[in-house]
Each structure stands twice: as structure tokens, then as C-alpha cells.
There are 2 protein chains.
Amino acid sequence: MDFNESKNIFLQIEEWLNNRILDDKIQPGERIPSVRELAEEMEVNRNTVMRTYSTMENKGILENKRGIGFFVAIDAPKIIQNMQKTEFFEKELPRLLERIKLLRLTSKDLAELVTLIKNNDHETQN
Amino acid sequence: MDFNESKNIFLQIEEWLNNRILDDKIQPGERIPSVRELAEEMEVNRNTVMRTYSTMENKGILENKRGIGFFVAIDAPKIIQNMQKTEFFEKELPRLLERIKLLRLTSKDLAELVTLIKNNDHETQN
DNA sequence: TATTGTGTCATAAGATACTATGACACTAAA
DNA sequence: TTTAGTGTCATAGTATCTTATGACACAATA
């Protein structure tokens, strides 16, 4: 995995895992790779992965069975979604709006955005 | 200034300065606060500010006159805009699209975005 | 010239992230 | 019971960011 130099690795792994859960690539109740496995796969130290798993366990996203492994909590998707939605509207969106203003982005740039979001309307009730 | 814990301080200062330049709060040719001044104002070490100024000088955003101070380069806004536009379309936008998909954002959430961008159309030729 | 404010450089120290490694407790399965 | 795979903990070392501080060269000004 290629990591962003300006952000902690264990946080980037958490983000990666969160996205996989939200995207149903890992499902609630399912077991995730062991600390050692993921560490080797990502070419990272055991302790770094351990730190990711621990923080996610504290947030209720992961559950742990000693001697067996880590599992995705049943309501993990909901927890992640709530967390990220808050983060999105309170920090990322304001930052995005500011960026759009400063960079003078136009409707042409917006096209792809709109069509994508329209599709979400059809899937969910609003 | 309140810094984000998960990102280097000297980078956050750079981002802050870039935004002020793009927003015309600091204009090309204008002198910016001295290393010591900004360090004190932001409650940060001199060397940290120095690092920010140095990296920005290497990018051509700032110019330096020894014994006098740092100045905003004439074409600083253009340089910053090019850099950020690239960054935006190659990294932030893909990340945003992914986030929208995962969080199932709807048109209601999009409203503010659209109106803002429409305004940019009136100001710029496209 | 003397003073003050610039940037610049060097050194040391602290904090934190990450790595490397070993050892131990627990669980499942041969 | 033995073995292999889990998580867990402790220790030490490395790298990087940040701080703290002093000293020096340069420029503007009284």
C-alpha cells in the first residue's frame, strides 16, 4: 500500500478499512486479517496494525476475541457512517467549498459530481 | 492558530498562507510577516515557520531578501492555483466522489454546492 | 556608527511515529 | 497433549517533527 507522507500510517490504514466496510467488501460479523497478516501484506510493523485495530475497537467498529482474531462489529457500518458524515459536513465540506471558491471551479467541473449524486437519490428515500 | 494533530504543522501553515494569497488577503509583491513575528503569533517555533517559508520559496511562491524579509512572488497565485488544481482533481475530487458514494449523500446535501459554483460561472469565462 | 530588525545556521533536547524483536497467554485443531 | 495461529505486552532503536536557544551576516535607519 502506498501511504501519504503527511498523515500517520495507522490512521490511513483505519481509513482504508472503514472504506472497505462501508463498501461491503468486508461484512459485519466477518473476521478481518490478523495483525501479523495485514502487517506483512502492507509492509508495516505489527504494532502499527495493532494500533489501528485497537483504536477501531475503542470506537466499536471492531470486536476482538483473544486467540482468535478481530471481527467487524454488527453495527460497524452505521457507526462509521455517522462518524464520517459528521466529519464530512463539519470539516471536509466547508474545506471543499472554500477550495471551490479559491480555485474558481465551474459548472463543467461539476458535471460528474451531479450525475453521481442523482443516482444516490434513486436508491435512497429522501 | 489551532492545528490539526494528524498533519505536520509547517504544512498547515503553508496551506494557511496559500489560502490567504489565493483570497487576495496577501497580494503579490507584498511583504509577509517575519519568521519571528509569525512564529510568535502562531505560538510556534521560529524554525517551524522557517521551514514553511523555505519550502514555499523553493516552489517559487515566496521570494526572499536577506536582512529584509519574505515577499509574495508576482505569479504566486498562478503557481498555487496550478498546484492545488492538480491536487484537487487528482486526489481530493476522487476522494470526495468515493465519500459521496459511501455516505449516500443526496441532492438536498448538494444544494449549497450548486448555488456556490453557479456564482463562479458568472465571474469567469468558460 | 550604533541600533534594531531581518534571515540563517548550528546544536541540543523532547515528543511521537514507526520499526524490530522477543516473550507470553489464549484458542482451535491435529 | 502438541502444534500453530491468534492477540498482547515490553523493550529498545531509528527517524522525523518540533522546540529552545545562541550566534552570526545582512539591511535599514536613527
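Labels below follow one simple rule: chain letters A, B, ... track the order of the sequence lines, proteins then strands, and each chain is numbered from 1.
- Rounded to whole angstrom, the span from the CZ atom of A:F71 across to the P atom of C:dT27 amounts to 13 Å.
- Closest non-hydrogen pair, B:P94 versus B:F88, comes out as CD-O, 3.9 Å.
- Residue-environment remark: CD (B:E40) stays at or below the threshold of 12 foreign heavy atoms within 6.0 Å.
- If B:V35 and A:F10 are placed on DNA chain C by their nearest nucleotide, the residue sitting closer to the 5' end is B:V35.
- A straight line from CG of B:N8 to P of C:dA15 spans 18 Å, rounded to a whole angstrom.
- When all heavy atoms are compared, the tightest approach of A:Q84 to A:N18 is NE2-CB, 3.8 Å.
- B:S34 places none of its side-chain heavy atoms less than 4.5 Å from the side chain of B:Y53.
- Overall bending of the helix from C:dT1-D:dA30 to C:dA30-D:dT1, expressed as the angle between end axes built from five pairs apiece, is 0° (10° steps).
- First and last contacts of DNA chain D with chain B, using any nucleotide atom under 4.0 Å from a protein heavy atom and ordered 5' to 3', fall at D:dC17 to D:dA28.
- Listed by chain and number, the hydrophobic cluster partners of B:F10 are B:L11, where partners are ILVMFWY side chains within reach of under 4.5 Å, directly or through others.
- Residue A:E92 holds its CD atom at 11.5 Å from CG of A:L97, rounded to the nearest 0.5 Å.
- Remark: A:E87 does not engage B:R99 in a salt bridge, criterion side-chain N to carboxylate O under 4.0 Å.
- The residues A:R20 and A:E30 are annotated as not salt-bridged, no charged nitrogen and carboxylate oxygen being separated by less than 4.0 angstrom.
- The shortest side-chain heavy-atom distance between B:L38 and B:F70 does not fall under the 4.5 Å cut-off.
- Listed by first then second residue, pairs satisfying side chain to side chain donor-acceptor pair (under 3.5 Å) with a partner in residues 64-83 of chain B number zero, not counting sequence neighbours.
- For the pair A:I13 CD1 and C:dC18 C1', the interatomic distance rounds to 11 Å; values are reported in whole Å.
- For the pair B:F70 CZ and C:dT6 C1', the interatomic distance rounds to 10 Å; values are reported in whole Å.
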Polar atom pairs (N or O), protein with nucleotides 3-5 of chain C, under 3.5 Å:
{"residue": "C:dG5", "atom": "N2", "partner": "B:G67", "partner atom": "O", "Å": "3.0"}

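- A heavy atom closer than 4.0 Å to some atom of DNA chain D occurs in A:N47, A:M50, these being the qualifying members of residues 45-54 of chain A.
- The shortest distance between side-chain heavy atoms of B:R95 and A:E15 falls below 4.5 Å.
- Two residues, A:R36 and A:L11, neighbour DNA chain C, and the one matched to the more 5' nucleotide by heavy-atom proximity is A:L11.
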